[in-house]
Amino acid sequence: MPSVESLSGIAPAASRAAPGFGALLKVELLLVLRKRADIANPLLFFVTVLALLPLGVGPEPELLARVAPGIIWVMALLATLLSQESLFRSDFEDGTLEQVTLSPQPLYFAVLAKTAVHWLVTGLPLALLSPLLGLMLNLPAAGYLCLFASLLLGSASLSLIGAVGAALTVALRRPGLLLALIVMPLYVPVLIFGTGAVQAAIDGYAYSAQLAILAALLAAAAALAPLAAAGAIRISVDN
Amino acid sequence: MPSVESLSGIAPAASRAAPGFGALLKVELLLVLRKRADIANPLLFFVTVLALLPLGVGPEPELLARVAPGIIWVMALLATLLSQESLFRSDFEDGTLEQVTLSPQPLYFAVLAKTAVHWLVTGLPLALLSPLLGLMLNLPAAGYLCLFASLLLGSASLSLIGAVGAALTVALRRPGLLLALIVMPLYVPVLIFGTGAVQAAIDGYAYSAQLAILAALLAAAAALAPLAAAGAIRISVDN
Amino acid sequence: MEFQFASLADFLAMDGHGIYVWIAYGVTAAALIALAVYPSLRRRQLQRELQRQQRIQQRRQQVESDRIKTAEPA
Amino acid sequence: MPVTPESQDLLQVRDLSCRRDGRRLFAGLSFALGAGAALQIEGANGAGKTTLLRTLIGSAGDFDGRILWGGSPFPQSLPQLRESLLFIGHRAGVRAGLTPLENLVWYGAGRDDALRALEQVDLFGFEDTLCQELSAGQSRRVALARLYLPQAPRLWILDEPLAALDVAGVSSLQGQMAVHLSRSGSILFTSHQPVALAGLQRIDLAEYAVDEFADEVGGAYAFG
Amino acid sequence: MPVTPESQDLLQVRDLSCRRDGRRLFAGLSFALGAGAALQIEGANGAGKTTLLRTLIGSAGDFDGRILWGGSPFPQSLPQLRESLLFIGHRAGVRAGLTPLENLVWYGAGRDDALRALEQVDLFGFEDTLCQELSAGQSRRVALARLYLPQAPRLWILDEPLAALDVAGVSSLQGQMAVHLSRSGSILFTSHQPVALAGLQRIDLAEYAVDEFADEVGGAYAFG
Amino acid sequence: MAWQWFHRLGSPRWFYERTGVWLPWLALASLVLLTVGSVWGLGFAPQDAKQGNSYRIIYIHVPAAFLALAGYYIMAISGAIGLIWKMKLSFAVMRAAAPIGAVLTFVALFTGAIWGKPTWGTYWVWDARITSMLILLFLYIGVIALARAFSREQVADKACALLALVGTVNIPIIYKSVDWWFTLHQPATIKLTQSSSIDPSMFYPLLTMIVGFYCLYTWTLIAHTRTLVLQREWRTQWVQQELAEGNRGGD
Ligand code: HEM
Ligand SMILES: Nc1ncnc2c1ncn2[C@@H]1O[C@H](COP(=O)(O)OP(=O)(O)OP(=O)(O)O)[C@@H](O)[C@H]1O
Ligand SMILES: Nc1ncnc2c1ncn2[C@@H]1O[C@H](COP(=O)(O)OP(=O)(O)OP(=O)(O)O)[C@@H](O)[C@H]1O
Ligand SMILES: [Mg+2]
Ligand SMILES: [Mg+2]
């Protein structure tokens with residue numbers, strides 16, 4: 001019997017090309033872009049809920065202006081969160097996630113790639129659109145730039161934190177709103193500093209401190225959340 | 001060869017007991033009650049978002065009081081809606097929905113049973129809980145009863161209308177927020193009359209007219225929505 | 001009926017409301033032109049797709065006949 | 001191998017061709033299925049067996065040709081057909097959140113009948129376990145237990161009924177199919193495995209294949 | 001039929017018993033799998049075949065006994081095992097939103113190798129169709145195409161590889177398994193169908209069954 | 001006789017060939033009407049006493065708003081015809097009407113918002129009519145998003161038709177309720193101008209523009225439907241010929 005090392009025709013393990021981060025990113029992007037309809041959904045959801053709001057609270061401009069920063073932030077948070085429910089679902093159901101956990105490639109990068117793409121198609125457009133919604137809700141002009149900047153930074157953290165929840169709930173058949181429940185408390189710091197920044201901008205104060213904290217939160221989330229999500233995926237798959 | 005009529009041992013079609021509405025209701029209830037966690041989810045979602053809100057818009061009691069009816073209604077609407085995404089999904093995926101369309105029993109009752117159970121475990125608890133949330137958001141005392149009554153009536157309409165959207169999107173692999181998108185505009189009348197009633201109650205006016213309209217909307221939805229949803233299910237299954 | 005403005009500059013300025021009027025007309029024109037042009041763009045896309053498919057078909061037939069040829073002697 | 005039509009034939013198919021996304025899968029298919037007869041549809045993966053069955057139960061509408069049930073044509077006769085139909089597809093219609101017993105009761109069976117059927121498919125002892133906790137083959141057996149109910153409808157249309165079954169399960173199912181035929185029921189099924197059934201007729205879809213392949217397939221997707 | 005352990009054996013299992021939700025499925029299972037050897041796990045539906053395979057790849061942790069890879073025990077040797085593992089389970093790991101070609105490339109194959117593998121599993125012409133538009137057997141073939149890639153890992157663990165395949169597919173797969181064995185690869189698989197493979201060893205899980213059934217099963221669910 | 005006509009109308013090929021003749025005339029008519037109307041409205045119609053020159057936006061705002069609403073009914077009715085008579089062409093019309101309607105709704109909203117700045121001093125108020133227009137836009141977007149989510153056209157057609165029909169039942173309710181909403185709450189200080197009586201010298205250019213918009217709408221609807229027909233009848237001989245001819249002509 002030939003020794004394990006001398007097997008011909010069967011490659012040694014190391015030479016199996018595990019896909020690099022770039023390749024991972026590319027495939028995720030491909031999957032998302034192919035369902036073009038999906039991309040616009042969080043955005044449209046965001047706009048639609050915000051348009052329903054005046055129907056609920058009434059059309060007075062001053063009232064709307066006062067609640068605008070908070071409401072925009074809460075709705076951005078919901079849109080990010082709810083679009084994340086399916087982040088790992090189809091991969092789990094068709095067995096891809098199991099294959100990924102079996103591969104020697106660290107899960108970390110797979111999660112990071114998925115999250116990055118999610119932010120690209122959700123958080124980024126949300127931030128870009130926020131000034132328009134500010135306009136419709138009568139947000140004072142001083143707040144636009146800060147709203148945009150804080151959403152840009154904050155939504156990335158939201159995506160990362162949400163990925164942990166999505167990974168934890170992926171094995172459940174009908175997660176329903178469970179994801180929202182698990183993740184929402186973790187969103188609180190982001191929400192507080194995000195709205196704090198916008199409020200400060202409207203009131204004419206400096207808001208760079210809040211933005212710096214948001215950036216710090218993002219850095220921490222980027223380092224830790226994919227690790228936690230990778231662990232959660234292992235738990236979900238091994239059942 | 002024996003004639004078709006004289007076949008022995010094979011029951012004529014009519015004698016196959018198609019499950020009655022009561023049996024349908026019972027099975028649906030059983031399925032839902034077994035996943036006890038699922039029941040609480042919309043409720044907890046509702047409470048959590050409403051708790052996040054003061055973090056966003058600031059804690060001033062008067063401001064909260066003014067936006068309370070609208071916000072509570074919008075969030076109740078979201079909680080109902082988002083919990084409906086999975087209304088038909090698992091039945092679709094395991095082929096039960098296909099079996100139901102093949103059975104001689106009209107789909108109407110199957111849809112109605114599912115929707116009724118959804119309302120029982122979502123809309124009803126939401127309505128029951130609403131006074132508590134009113135308290136948290138500083139809603140004037142005059143609005144409690146009306147908030148409860150309007151949510152009770154309105155959430156049933158929301159469940160029915162949402163079922164149409166759920167049936168339309170059930171065949172999609174990743175519906176994401178699409179359901180919310182297509183259903184939310186249809187919710188507008190319910191939202192307007194619901195918040196209108198509460199606002200009227202707070203301002204000390206009679207609100208029976210609004211409640212009557214909500215009841216009328218409910219009657220129309222109960223008659224038409226299951227029909228439309230049944231049609232949508234046939235469309236989704238036949239592909 | 002007569003031209004309401006004294007000069008072209010007047011016409012463009014419209015008493016200070018020009019910017020609004022011209023933006024409104026400009027965006028409308030752009031939207032309508034986009035609607036009008038889309039069908040022919042799409043049609044050209046379909047034509048290109050058809051050509052692509054025909055090329056693929058030719059190649060497939062080529063491959064298929066090659067396969068039959070190599071299979072026959074064996 | 002078209003069967004000569006008889007007046008007693010329940011299901012008749014004449015010159016049928018089915019499409020999927022516009023691509024024709026097969027054409028010119030004709031057969032008839034009488035009471036007490038069984039017909040196996042064969043064909044390679046992707047030949048269109050599932051599509052054919054779904055067309056016959058009225059769940060796929062993109063076809064040419066005539067389908068008759070009890071002598072009257074589709075789609076008018078579809079409701080009658082469905083009344084005496086038992087269909088089990090790739091997705092078996094077993095609700096994961098219910099127990100096997102509840103699943104059968106949901107399909108209209110009485111409790112005792114259901115228990116007896118479950119025993120016959122060798123799920124004795126599992127009747128009160130949730131179906132999501134069954135193995136692949138066991139959950140398939142729950143669906144097949146419907147075939148063992150005393151009031152099973154006249155026409156069985158089964159897509160790969162033997163899939164995931166173990167050896168004992170396969171032979172038990174063959175026995176039950178024979179029983180159904182002896183009661184003048186009719187069975188139409190697909191299978192990649194050989195099925196031992198007296199008087200079984202077979203149709204190979206390969207004989208009806210259309211070569212629209214070359215110019216039709218070719219998705220619009222390319223990596224890159 | 002435990003095989004006598006050799007030093008050359010890659011995978012050794014000694015006195016293994018697996019559990020599902022606390023219930024023991026089998027006990028006392030021992031076997032060894034060397035290079036160039038194939039082993040088929042048999043057993044009735046629900047016997048625990050899938051559970052066994054998932055235990056061996058480290059995805060199910062509830063077991064007693066020893067598992068050794070290359071002589072060193074689990075779970076220390078698990079990473080090494082996974083490096084030379086190719087596992088295909090009931091859920092085959094085919095992404096419905098990608099084409100067959102893209103799926104293989106995602107698994108690390110080169111484009112040309114992937115095309116060749118797809119041709120070998122008879123998916124020629126479907127390489128650019130989305131997998132969600134393939135039939136049951138075709139999408140299964142996409143997963144199996146990984147076995148035809150030139151750099152396929154040494155140890156294959158396959159859960160019901162023949163399921164949903166047509167006759168031609170089955171014989172092609174058997175051929176490929178033989179090729180892998182001839183290259184000194186090892187194969188461990190389950191199947192309800194007989195597999196024609198020279199030197200194939202078999203283990204019937206029924207021989208290792210534990211009778212904890214009566215007092216353990218009996219879900220807490222009853223209708224009404 | 002009438003039925004024969006109806007069924008022939010259901011044939012995509014017949015439609016394609018027949019409308020090919022009409023299209024140039026419709027295009028010409030809309031071009032002329034729109035040019036004349038906008039030059040008239042922009043340069044020759046008299047200035048409004050209250051609003052000055054900004055009122056000239058009315059010449060695109062009102063026609064767009066009319067057609068945005070009418071477009072929804074056209075979409076829903078053709079969807080219903082498709083569902084009831086299983087007419088493929090009718091579905092194509094429905095699918096074509098959705099993006100066109102959405103664009104026109106957007107135009108009405110955009111021009112209205114722009115007009116709001118000089119008139120009310122703000123781009124956006126939550127006025128009843130404006131709000132219901134916004135909801136109409138969401139209804140259109142819902143139909144478009146649903147259509148794009150399905151990979152199979154036939155399913156998408158039926159699903160969208162159903163959604164459009166449900167929407168039609170709702171549109172009057174939505175309009176009524178939004179009106180009610182507006183009167184319930186404190187109205188925002190500003191209202192749309194009551195156009196009780198409009199001077200003929202302002203009205204004729206408006207009429208021209210409205211007719212022009214109708215022509216343009218018909219033309220675009222037909223043109224979009226034709227490309228959808230080409231796309232869907234892709235595999236048929238006549239479409240491939242048609243496209244090949246276009247190729248040779250184009251090069
Ligand atoms: C975003 C903002 C706006 C929207 C969505 C909007 C919407 C509409 C709609 C839907 C109509 C047609 C109603 C019908 O079918 O009869 C309309 C008509 C009209 N709008 Fe606007 N509008 C907006 C802003 C404005 C502004 C700022 C003005 C001028 C101050 C204005 C003046 C008019 C006039 C004069 C008419 C025609 C009057 C009539 O036929 O009733 N609109 N608008
Ligand atoms: N998700 C689960 N949760 C709890 N128990 C399970 C689960 N899946 C399977 N079981 C139980 O474990 C036992 C073994 O299941 P397993 O899937 O290993 O069987 P198998 O031999 O692969 O059967 P099959 O031939 O049907 O695939 C079964 O009796 C089943 O009841
Ligand atoms: N959802 C789908 N969308 C588009 N095309 C499909 C879809 N499902 C199947 N097809 C195509 O239709 C053809 C026939 O599929 P069908 O499922 O009927 O095959 P089958 O004979 O049942 O195969 P199998 O033996 O694999 O079950 C296949 O070539 C496949 O590519
Ligand atoms: Mg099939
Ligand atoms: Mg198994």
Side-chain angles (χ1 to χ4, degrees), chain B residues 66 69-70 157 160-161 163-165 167-200 203 205 207 209-210 213-214 216-217 220-221 223-225 227-239, chain F residues 72 76 79-80 82-84 86 91 98 102 105 126 128 131-186:
Chain B
R66 281 191 67 195
S157 304
L160 284 161
I161 299 172
V164 181
L168 278 172
T169 53
V170 73
L172 301 174
R173 286 177 56 85
R174 296 199 302 174
L177 293 170
L178 184 63
L179 172 62
L181 208 68
I182 63 179
V183 169
M184 240 163 348
L186 305 178
Y187 278 175
V188 166
V190 181
L191 177 66
I192 286 176
F193 291 111
T195 50
V198 182
Q199 199 61 55
D203 298 346
Y205 299 117
Y207 52 84
Q210 283 94 331
I213 294 178
L214 280 179
L217 286 177
L224 297 179
L227 274 184
I233 286 177
R234 282 192 200 285
I235 292 168
S236 294
V237 169
D238 293 5
N239 77 9
Chain F
Y72 195 90
L83 277 184
I84 295 167
K86 300 193 168 41
F91 282 129
T105 315
W126 292 92
T131 306
S132 49
M133 206 65 185
L134 187 64
I135 294 166
L136 182 68
L137 181 65
F138 291 149
L139 284 170
Y140 273 124
I141 289 177
V143 173
I144 296 170
L146 187 66
R148 300 187 65 170
F150 286 98
S151 56
R152 316 200 50 220
E153 294 288 347
Q154 292 154 341
V155 191
D157 282 348
K158 291 187 210 155
C160 289
L162 201 108
L163 182 62
L165 275 178
V166 174
T168 333
V169 176
N170 269 273
I171 279 193
I173 305 179
I174 292 174
Y175 269 67
K176 272 272 154 294
S177 62
V178 173
D179 273 335
W180 183 308
W181 164 72
F182 189 61
T183 49
L184 274 178
H185 295 277
Q186 287 302 306

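Residue numbers begin at 1 in each chain, while the letters A, B, ... track the order of the sequences.
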(request) Would you indicate whether Q154(F), at its atom CD, is surrounded by more than 12 heavy atoms from other residues, nucleotides or ligands within a distance under 6.0 Å? (result) no
(request) Flag the one option from A225(B), A228(B), A220(B), G165(B) with the top tally of heavy-atom pairs under 4.5 Å to chain F. (result) A228(B)
(message) Is I161(B) in contact with chain F via its backbone, its side chain, both, or neither, using a 4.5 Å heavy-atom distance?
(response) neither
(message) Any side-chain to backbone donor/acceptor pair from S177(F) onto F193(B)? Under 3.5 Å, distance only.
(response) no
(message) Nearest 0.5 Å, please: how far is CD in E153(F) from SG in C160(F)?
(response) 9.5 Å
(message) As an exercise, state the distance from OG1 of T169(B) to CG of L163(F), rounded to the nearest 0.5 Å.
(response) 10.5 Å
(request) Measure distances from L186(B) to the heavy atoms of chain F and classify the residue's part below 4.5 Å as side chain, backbone, both or neither. (result) both
(request) Let me know if L217(B) has heavy atoms under 4.5 Å from chain F in its side chain, its backbone, both or neither. (result) side chain
(request) Select one option (side chain, backbone, both, neither) describing which atoms of L162(F) are under 4.5 Å from chain B's heavy atoms. (result) side chain
(message) How long is the straight-line distance from OG1 of T105(F) back to CG of L136(F), given to the nearest 0.5 Å?
(response) 4.5 Å
